[in-house]
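The structure appears below as C-alpha cells.
Chain naming here is simple, since letters A, B, ... match the order of the sequence lines and numbering starts at 1 in each. Scope of the values below: all heavy atoms of this structure, side chains included, with no hydrogens, waters or symmetry mates.
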Amino acid sequence: MSSFDETDAFEGASLAARAMAARPAPYLDDLNPAQREAVEALDGPVLMLAGAGTGKTKALTTRLVHLLNTGRARPNEILSVTFTNKAAREMKLRVGRLLGETVEGMPWLGTFHSICVKLLRRHAELVDLKSNFTILDTDDQLRLLKQLVQAAGIDDKRWPARQLAGVIDHWKNRAWTPDKVPAGEASAYDGKGVALYRQYQERLRELNAVDFGDLLLHMVVIFQNHEDVLKQYQRWFRYILVDEYQDTNVAQYMWLRLLAGGHKNICCVGDDDQSIYGWRGAEVGNILRFEKDFPGATVVRLEQNYRSTPHILAAAGGVISGNKGRLGKELWTEVDEGEKVRLIGHWDGEEEARWIGEEIESMQGGTRGMRPFSLDEMAILVRASHQMRAFEDRFLTIGMPYRVIGGPRFYERMEIRDAMAYFRLVVSPADDLAFERIVNTPKRGLGDKAQQKIQVAARQNGVSLLEGAAILLEEKGLSGKGAAELGRLVEGLRRWGRMAGDPSMSHIELAEVVLDESGYTEMWQNDKTPEAPGRLENLKELVKALEGFENLQGFLEHVSLIMDNESEEQGEKVSIMTLHAAKGLEFPAVFLPGWEDGLFPSQRSMDESGLKGVEEERRLAYVGITRAEELCTISFAGNRRVYGQWQSQMPSRFIDELPEDHVEVLTPPGLYGGGYGSAGLGGSGIESRAAEADGYNSPGWRRLQARAGQRPLSQPRESKASVIDAQAVSSHTVGERVFHQKFGYGAILGIEGDKLEIDFEKAGVKKVVAKFVSGADDIPF
DNA sequence: TGTCATCATCTTTTT
DNA sequence: GATGATGACA
C-alpha cells in the first residue's frame, strides 16, 4: 500500500536507478511487434491505442521498466498516472516483478488524485490553503452546499443541493474557477449557480478544505499562475505515462499538457472505444486529438487480442461499429473459434436471475458440451447497481456464494463516517463539518434549536463550532440534559486531543477510547436493528485498519483518497459488479443481464446526452462483451419492476446490433416450449430457433406463471453448498428465532430440506438456505 | 426533543 | 422497494 512518505520523492535515487545503467533487456522478447514499438519509442509523444485485451498494461509496465533500464530516468523522475488505485497497485506489482525487486522508489506512480494531493500539500499556500487541508467526501460536500443553498433563501426542494453539486463538479472538471465559468452557463441552477460556486469555494477556503475536483483544479491554477513552480516539475518529471487516457477530463488534460510542455516525453495509453466516463467529465476528444496536440507523435495500435475468442470479438466489434468518429481498430486473435455469444430472453427480472443462477450451477459441472467453470471464473455484469439486488436475493436463496465488487464502499458507510468524524475532530478541533456530523450522534438531546445556538455563538465570536459550543456553555446558554451532554462532549474532545499529543498512547488505543467514551459504540450495541451487528463489526475493522499507520492523521489522509474496499475474502465465488467496475477485468464466462431499452442503454443517458449518450452506452456494451474470454451470455427480460412498478420492456437496441453469425439464441427454460413472440426478439433480426412458438402468451407460459409460486426454486444439483446445508438443517426447529445476515431477525415457519421458510420482522416471509441463518442469540461479534 | 407514520422521489455509472 | 423529508404526537 502506498504511503504518503514524501521524503525521498525528490531526493536521490533510492534503489533501482543506481544499478540501472543500460542492462540487457530480455523483457522485450516477450512482446509482439506493436507492443515492442510502443515500448521502444521512449522519447517524444507517444499514443498507444490499445484495444481490449491487447496487453496494454504489459506494454505500459514494460515501457516503464525500459525507461529505468536504459538509464533515461530514475524511478522518482517518472510520473505515471492511473485512474484507480487498483490500476496503480497493479502497475507497481508488475513493474516490481519485471525488475525483480519491490518498487518502493516509485513515489509518482498513482492516481491523478493522490498525486495531486502530494503536490498540493507542498504548494497549498499558493491557493490560500494550509498544507494540512482536509479532503471532503461527497457527504460533507453536500451538507456544506445545502447550508449555502438554504442561507441563500433558495427552495431546496425545487433546486436540490445535489444538482448544484453536479453543476459545480461539472465546472471543476473543465478547470473553470468561479471567474472562468463562461457566460453561457449563467442560467445554471436557477441563475444562482456561479454565485453559489463562489461562496462554496470561499467556505472551503475558510474551512481549509478541498473537494475532489479541487485537487486537480488547484494544481492547474498553480501551474498556470506560477511559472517557476511549473518549470520545476517539468524538469523533474522527465517522462510521463498516462493510463486510460480516454477517461481524462479537461482539468486532467490541462494538467498533463502543462507538465509535459517542456520535453513532451509523454506516453498516453487508451482506447477510445472504452471511454465510459463521459458523465464524469471525461472527454473522448482528448484522445481523438492527441496527434494535433503533440505534432509528430508516434501512434501505435495494439490490435492483437489475447483474451477472447473470435466470436466474442466479432460480437463486440459489431456493436461498437455503430459508433461514429472512432479512431478505428480491428481486433484479431489467433485462438480457436469457441462458443458463440449466447442470447436469451426471459419473462421477467426474477426469471432471469433464476436462470442465470441455475446456469451457473450447471456450468460448474460442465454443460452443453462445455468445460466446467469454477465460480471464480464467472461474473455477472450489470448496467446499474440496483440490478444486483435480484441476483443477491436469488443467490442467497439457493446458497450460491457470490461477491459484490465495488458495492457500497466501506468508507462510505454511515458508521465509518461517524467514527471518522470523531477522529477528524480529535485531530483538528476546528473541523466544523465533522462537528456538525456528530454533535448529536449518539443522541445527546441537542436538536435543531440547540445546534443553532452553537452556530450563533461560534459566528459571533468568530471561532469554530467546537469553541462556540464551549463559549455557549460558559455563558449558560443551554440548560438541562443538552447542556450536560454537550459539556461532556466538549470535555471529551479536549481530553482526546491531549491524548493524541501523548506519545505514550498509541493511536489505536486512542481510537478505541474515543469511540468508547463518546458513547458511539454503545449506541450501536443498544441498537436492535439487523444492521447493528454488522456496523459494530465494521467499526472493529476500522480500528484494525489503523494498524497500518503511524497516527490518526496519516490514516485520515489515506482514507480520503482510497475509497475502495479491498476485502478480498477467499473462497470460490461468482462476482457481481457494474459494467463500469468491470473495466480492466476479465473472466472466462460473463453474464450480461438486463439488455433492455431504457435500462441499457439507460433512459437517463439518452435523455441527457442524446446520441452521445447512446454512443457511450454502446461503448459500455463493448466493454461488457470484451470482458469475456470464452463465453458471453447476454439476456433480457420482457417485464421488470421499475420503481416498484411493473413495466414491460423492449429488448435493447444493442441486441439488434449483434452480428447474427456470432450469436446463438438459447431457448428459454421451462415447460412451455419457449420462443420469443411478443415480448421477445420480435424485430431484432435474429432468427430464434423457437421462433414459431407463440412465446409469452402461450397457455404453457401462463400455466407456468400460475405455478411459479409453488415450483421448486431450483433443481437440486450436486453443489458443494447443498451438501453442507443438508448437515446444517437439523440444528433448527420450527418457531425458533433466528438471525440472517441480510434479512435480520425472524421466526422459522417451516423447514423444507436445506431451506428454511422464515417470517422476518423487517423483510417478510422468505425462503432461505439454512447456512445463512444463525440462532438469534449467537450472533457473531 | 425524539419517535412514528405518511408521502414523495427516486436510480446510472465514481476518483 | 427504499430512502429521505415532513408533520403530528408523546
Give the table of side-chain donor-acceptor pairs shorter than 3.5 Å for residues 210-223 of chain A, with sequence neighbours excluded, one pair per line with atom names and distance.
unit_1: A:D211; atom_1: OD1; unit_2: A:K172; atom_2: NZ; d: 3.1
unit_1: A:D211; atom_1: OD1; unit_2: A:G213; atom_2: N; d: 3.2
unit_1: A:D211; atom_1: OD1; unit_2: A:D214; atom_2: N; d: 2.9
unit_1: A:D211; atom_1: OD2; unit_2: A:Q141; atom_2: NE2; d: 3.4
unit_1: A:D211; atom_1: OD2; unit_2: A:K172; atom_2: NZ; d: 2.7
unit_1: A:D211; atom_1: OD2; unit_2: A:Y200; atom_2: OH; d: 2.8
unit_1: A:D214; atom_1: OD1; unit_2: A:K172; atom_2: NZ; d: 2.9
unit_1: A:D214; atom_1: OD1; unit_2: A:Q201; atom_2: NE2; d: 3.2
unit_1: A:D214; atom_1: OD2; unit_2: A:K172; atom_2: NZ; d: 3.3
unit_1: A:D214; atom_1: OD2; unit_2: A:D211; atom_2: N; d: 3.3

| message | Suppose we screen for ring-ring contact (aromatic ring centres under 6.0 Å, His included). Which residues come up paired with A:Y622, at least two apart in sequence or across chains? | response | none
| Which residues share a ring-ring contact (aromatic ring centres under 6.0 Å, His included) with A:H170, sequence neighbours left out | none
Over how many whole Å does the gap from [X] atom [atom1] to [N] atom [atom2] extend?
| X | N | atom1 | atom2 | answer |
| --- | --- | --- | --- | --- |
| A:D247 | B:dT15 | CG | C1' | 11 Å |
| A:D393 | C:dA2 | CG | P | 9 Å |
| A:H580 | B:dT11 | NE2 | P | 16 Å |
| A:M414 | C:dG4 | CE | P | 8 Å |
| A:R162 | B:dT14 | CZ | P | 13 Å |
| A:Q647 | B:dT11 | CD | C1' | 13 Å |

| said: Considering every strand and a 4.0 Å limit on heavy-atom distances, what is the contact class for A:S605: base, sugar-phosphate, or nothing? | reply: base
| request: Scan A:Y277 against the nucleic acid and name what it touches under 4.0 Å (heavy atoms): base, sugar-phosphate only, or nothing. | output: sugar-phosphate
| Given the C1' atoms of C:dT6 and B:dT11, what is the spacing between them in whole Å? | 23 Å
| message | Give me the distance, rounded to whole Å, that separates C:dG4 from B:dT13 when you measure between the C1' atoms they each carry. | response | 22 Å
How would you list, by chain and number, every residue that makes a salt bridge (charged side-chain N to carboxylate O under 4.0 Å, His left out) with [X], sequence neighbours excluded?
| X | value |
| --- | --- |
| A:R641 | A:E350 |
| A:R488 | none |
| A:E436 | none |

Options [options], nucleotide nearest the side-chain atoms of [X]:
| X | options | value |
| --- | --- | --- |
| A:H386 | B:dT13, B:dT15, B:dT11 | B:dT11 |
| A:K449 | C:dG1, B:dT13, B:dT1 | B:dT1 |
| A:F212 | B:dT15, B:dT1, B:dT13 | B:dT15 |
| A:T111 | B:dT15, B:dT11, C:dG1 | B:dT15 |

| Inter- and intrachain pairs under salt bridge (charged side-chain N to carboxylate O under 4.0 Å, His left out), touching residues 594-603 of chain A, at least two apart | A:E596-A:R640, A:D597-A:R653
| remark: Residue pair A:T82/A:E617 against DNA chain B: nearer the 5' end by closest nucleotide is A:E617
| Taking for each residue the nucleotide of DNA chain B bearing the nearest heavy atom, is the 5' side occupied by A:W279 or by A:D448? | A:D448
Atom pairs under 3.5 Å, N or O on each side, protein against nucleotides 2-5 of chain B: can you list them with distances?
unit_1: B:dG2; atom_1: OP1; unit_2: A:G445; atom_2: N; d: 3.1

| message | Apply salt bridge (Lys or Arg N to Asp or Glu O under 4.0 Å) to residues A:E351 and A:R354 and explain how you reach the verdict. | response | CA-CA 5 Å; A:E351 172 68 35; A:R354 186 178 310 150; 3.3 Å; yes
| request: Step through it carefully: locate the ring centre of A:F654, locate the ring centre of A:F600, and say whether they are under 6.0 Å apart. | output: yes
| said: Please confirm whether the ring centroid of A:W255 lies under 6.0 Å from the ring centroid of A:Y253. | reply: no
| Is there a side-chain polar atom (N or O) of A:R389 under 4.0 Å from OP1 or OP2 of C:dA2? | yes
| message | With the stacking rule set at 5.5 Å and 30°, tell me whether A:Y643 counts as stacking on B:dT9. | response | no
| note | Reading nucleotides 5-10 of chain C from 5' to 3' and marking B where a protein heavy atom lies under 4.0 Å of the base, S where only the sugar-phosphate is that close, and - otherwise, the string is S-----
